[in-house]
Amino acid sequence: MSRFSLSKFDLRHLRVFMSVVENEGVSAAALANGVALSTISRDLASLEHRLGVQLCHRGRGGFALTRQGQDIYQAAVDLQSRLQLFELAVQATKDAASESFKIGIIDHVITNPDSGLVPAMTHMRERFPDTLVSVSVHEVTAIDVLVRERRLDVGITGQPAWLQPLQYAAMFLEEQRLYVGENCPQRDEIHASVQRGPDEVAIPIPYIARAQNTDGFESFEGRYPLTVAGRCTNLEALLAAVLSGAGCALMPVKYVEALQRDDLLELPLTDAPLYVQFYIAYRQDAARSKGVSSFLSRFSGAV
């Protein structure tokens with residue numbers, strides 16, 4: 001019997017397999033990783049062919065690991081731990097001047113003064129001025145995965161996926177309000193209808209949905225008779241849709257106030273204020289880095 005030799009493709013396919021197991025299914029893994037279902041299925045099939053064993057049962061009967069799949073998963077977890085130890089050992093040998101700090105955010109967060117993001121980054125830079133700082137903007141569904149895969153040291157998200165082995169710490173609350181543009185032909189009707197409360201709304205409200213799917217948004221969308229007029233993945237697109245008259249949308253108060261636009265009308269909701277809780281997502285081992293530790297120290301609850 002020929003000896004099995006690990007390749008870089010095997011490592012990638014093993015990570016896919018681990019994601020399928022941890023998300024309890026192929027579809028859920030595809031959603032968590034932001035890739036097509038066919039991609040996950042193809043990578044999983046390639047790994048099974050390469051190893052010569054069936055790793056799991058999948059289909060209408062549900063997802064379940066085979067005995068061989070359980071053994072391979074445990075071996076993959078052990079391998080991942082050993083790789084992490086290697087990465088930590090390499091990182092420990094580097095000069096502090098070569099350290100980097102990679103932070104991923106969703107759009108607009110850095111401009112919100114309540115986030116504390118800029119003061120925390122300033123604090124870290126003052127203590128470690130030679131650290132190479134990289135800030136990138138991502139879709140909300142990608143943040144947790146990028147942190148788990150070590151492509152980010154820290155992620156800021158309003159829609160935590162609660163992935164293992166990530167740590168999450170509450171960061172700040174962002175107030176959301178409902179806005180409509182002056183070009184919306186139903187603006188006055190929507191305004192009058194919303195003002196009476198969710199039980200008294202007389203017309204279906206044209207609503208532009210957000211890609212961010214928080215409990216607060218779902219609760220609002222469940223209380224009002226809405227008709228989806230569009231879906232947007234970021235605030236710039238959402239703002240453009242609202243200003244064009246497509247419908248109304250929930251947007252952060254601080255974001256709208258900074259725009260100072262006269263063509264946006266706030267719709268007076270009778271409900272309690274709507275807030276989105278933002279979190280810092282990070283790996284415990286990443287927190288051992290001096291730069292990351294310095295950044296996290298500015299937030300209560302973070303290591």
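For the numbers below, each heavy atom of this structure counts, side chains included, while hydrogens, waters and symmetry mates do not.
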Notebook entry, point to check: What closest approach, in Å, do Val180 and Cys248 show between heavy atoms, and which atom pair accounts for it?
Noted result: CB-CB, 4.1 Å
Note to self: Membership question, hydrophobic clusters at under 4.5 Å side-chain separation (ILVMFWY): are Tyr224 and Leu265 in the same one?
What the structure shows: yes
Check: Can you check whether Pro165's main-chain N or O pairs, donor with acceptor, with Arg148's side chain at less than 3.5 Å?
Finding: no
Margin query: Using 0.5 Å steps for rounding, measure from the CZ atom of Phe17 to the CD1 atom of Ile72.
Written below: 7.0 Å
Notebook entry, point to check: Do Tyr179 and Tyr255 have their ring centres less than 6.0 Å from each other?
Noted result: no
Next item on the list: Mind checking the CG-CZ spacing from Leu239 to Arg261? Nearest 0.5 Å is all I need.
Entry: 6.0 Å
Check: Could you go step by step and tell me if Phe278 and Ser115 meet the side-chain contact (heavy atoms from CB on, under 4.5 Å) rule?
Finding: CA-CA 8 Å; Phe278 276 78; Ser115 70; over 6 Å; no
Notebook entry, point to check: Do the non-hydrogen side-chain atoms of Ser297 and His123 ever get within less than 4.5 Å of each other?
Noted result: yes
Next item on the list: Using a 4.5 Å cut-off on heavy atoms from C-beta on, say whether the side chain of Met124 contacts that of Val133.
Entry: yes
Checklist line | Check against side-chain contact (heavy atoms from CB on, under 4.5 Å), Lys290 and Thr131 | finding: CA-CA 10 Å; Lys290 293 180 180 179; Thr131 299; over 6 Å; no
Next item on the list: Check the pair Glu174, His108 against side-chain contact (heavy atoms from CB on, under 4.5 Å), reporting the backbone distance first and the verdict last.
Entry: CA-CA 11 Å; Glu174 181 180 70; His108 85 277; 2.6 Å; yes
Check: Would Ile280 end up clustered with Val140 when hydrophobic side chains under 4.5 Å apart are linked, directly or stepwise?
Finding: yes
Notebook entry, point to check: In Å, rounded to the nearest 0.5 Å, how long is the span from CD1 of Ile103 to OG of Ser134?
Noted result: 10.0 Å
Next item on the list: Write down the atom of Ile143, the atom of Thr157, and the distance for their closest heavy-atom approach.
Entry: CG2-CB, 4.1 Å
Notebook entry, point to check: Taking the side chain as C-beta and beyond, is there a heavy-atom pair between Leu51 and Asp10 under 4.5 Å?
Noted result: no
Next item on the list: Locate the shortest heavy-atom distance separating Pro160 from Tyr168; write the atom from each residue and the value.
Entry: CB-CE2, 3.7 Å
Next item on the list: Answer yes when Arg298 and Glu126 have at least one side-chain N-carboxylate O distance shorter than 4.0 Å, and no when they do not.
Entry: no
Notebook entry, point to check: Linking I/L/V/M/F/W/Y whenever their side-chain heavy atoms sit closer than 4.5 Å, directly or via other members, would Val26 and Met18 fall into one cluster?
Noted result: yes
Checklist line | Spacing of Asp43 atom CG and Arg50 atom CZ [to the nearest 0.5 Å] | finding: 14.0 Å
Checklist line | Non-hydrogen side-chain atoms of Arg15 and Glu149 separated by less than 4.5 Å | finding: no
Checklist line | For the student: nearest non-hydrogen atoms of Ala161 and Asp144, plus distance | finding: N-OD2, 3.1 Å
Check: Are side-chain N/O atoms of Arg223 and Ser219 paired as donor and acceptor at under 3.5 Å?
Finding: yes
Item checked: Reported OG-to-CD1 distance for the pair Ser244 and Ile208, which is rounded to 0.5 angstrom -> 6.5 Å
Check: Is Leu146 reachable from Leu31 through a run of hydrophobic residues whose side-chain heavy atoms are each under 4.5 Å from the next?
Finding: no
Checklist line | SB check Arg150 Asp285 (cutoff 4.0 Å) | finding: yes
Check: With side chains defined as the heavy atoms from C-beta onward, is the minimum distance between Ile190 and Leu178 less than 4.5 Å?
Finding: no
Check: Are any of the side-chain heavy atoms of Val276 and Gln176 separated by less than 4.5 Å?
Finding: yes
Next item on the list: Using the rule that two of Ile, Leu, Val, Met, Phe, Trp, Tyr join whenever any of their side-chain heavy atoms come within less than 4.5 Å, decide whether Leu226 and Leu274 are in one cluster.
Entry: yes
Check: Which pair of heavy atoms, one from Leu55 and one from Leu44, lies closest together, and at what distance?
Finding: CD1-CD1, 4.1 Å
Notebook entry, point to check: Can you name the nearest heavy-atom pair linking Ile156 to Val109, along with the distance?
Noted result: CG2-CG1, 3.9 Å
Next item on the list: Answer yes or no: is there a donor N or O on one side and an acceptor on the other, between the side chain of Gln277 and the main chain of Phe172, under 3.5 Å?
Entry: yes
Check: In this structure, are over 12 heavy atoms from other groups packed under 6.0 Å from Glu139 atom CD?
Finding: no
Next item on the list: Starting from the C-alpha separation in whole Å, work towards a yes-or-no answer on salt bridge (Lys or Arg N to Asp or Glu O under 4.0 Å) for Arg58 and Glu48.
Entry: CA-CA 13 Å; Arg58 47 198 184 272; Glu48 289 180 323; 2.9 Å; yes
Notebook entry, point to check: Where do Ser136 and Leu152 land on the side-chain contact (heavy atoms from CB on, under 4.5 Å) test, with the steps shown first?
Noted result: CA-CA 9 Å; Ser136 52; Leu152 293 175; 3.8 Å; yes
Margin query: Applying ring pair (Phe, Tyr, Trp, His ring centres under 6.0 Å) to Phe295 and Tyr282, what does each step give before you reach the verdict?
Written below: CA-CA 11 Å; Phe295 174 86; Tyr282 61 97; 9.5 Å; no
Next item on the list: Can you sort out the partners of Gln260 under side-chain hydrogen bond (donor to acceptor under 3.5 Å, both in side chains), two or more places apart, ordered by chain and number?
Entry: none
Margin query: Working to the nearest 0.5 angstrom, can you tell me the gap between Met251 CE and Arg177 CZ?
Written below: 12.0 Å
Checklist line | Neighbour count >12 (heavy atoms, 6.0 Å) for atom CG, Asp78 | finding: yes
Next item on the list: Could you tell me whether the side chain of Tyr275 reaches within less than 4.5 Å of the side chain of Glu175, counting heavy atoms only?
Entry: yes
Next item on the list: Check side-chain hydrogen bond (donor to acceptor under 3.5 Å, both in side chains) between Glu182 and all other residues, then give those that pass, not counting sequence neighbours.
Entry: none
Notebook entry, point to check: With side chains defined as the heavy atoms from C-beta onward, is the minimum distance between Pro268 and His191 less than 4.5 Å?
Noted result: yes
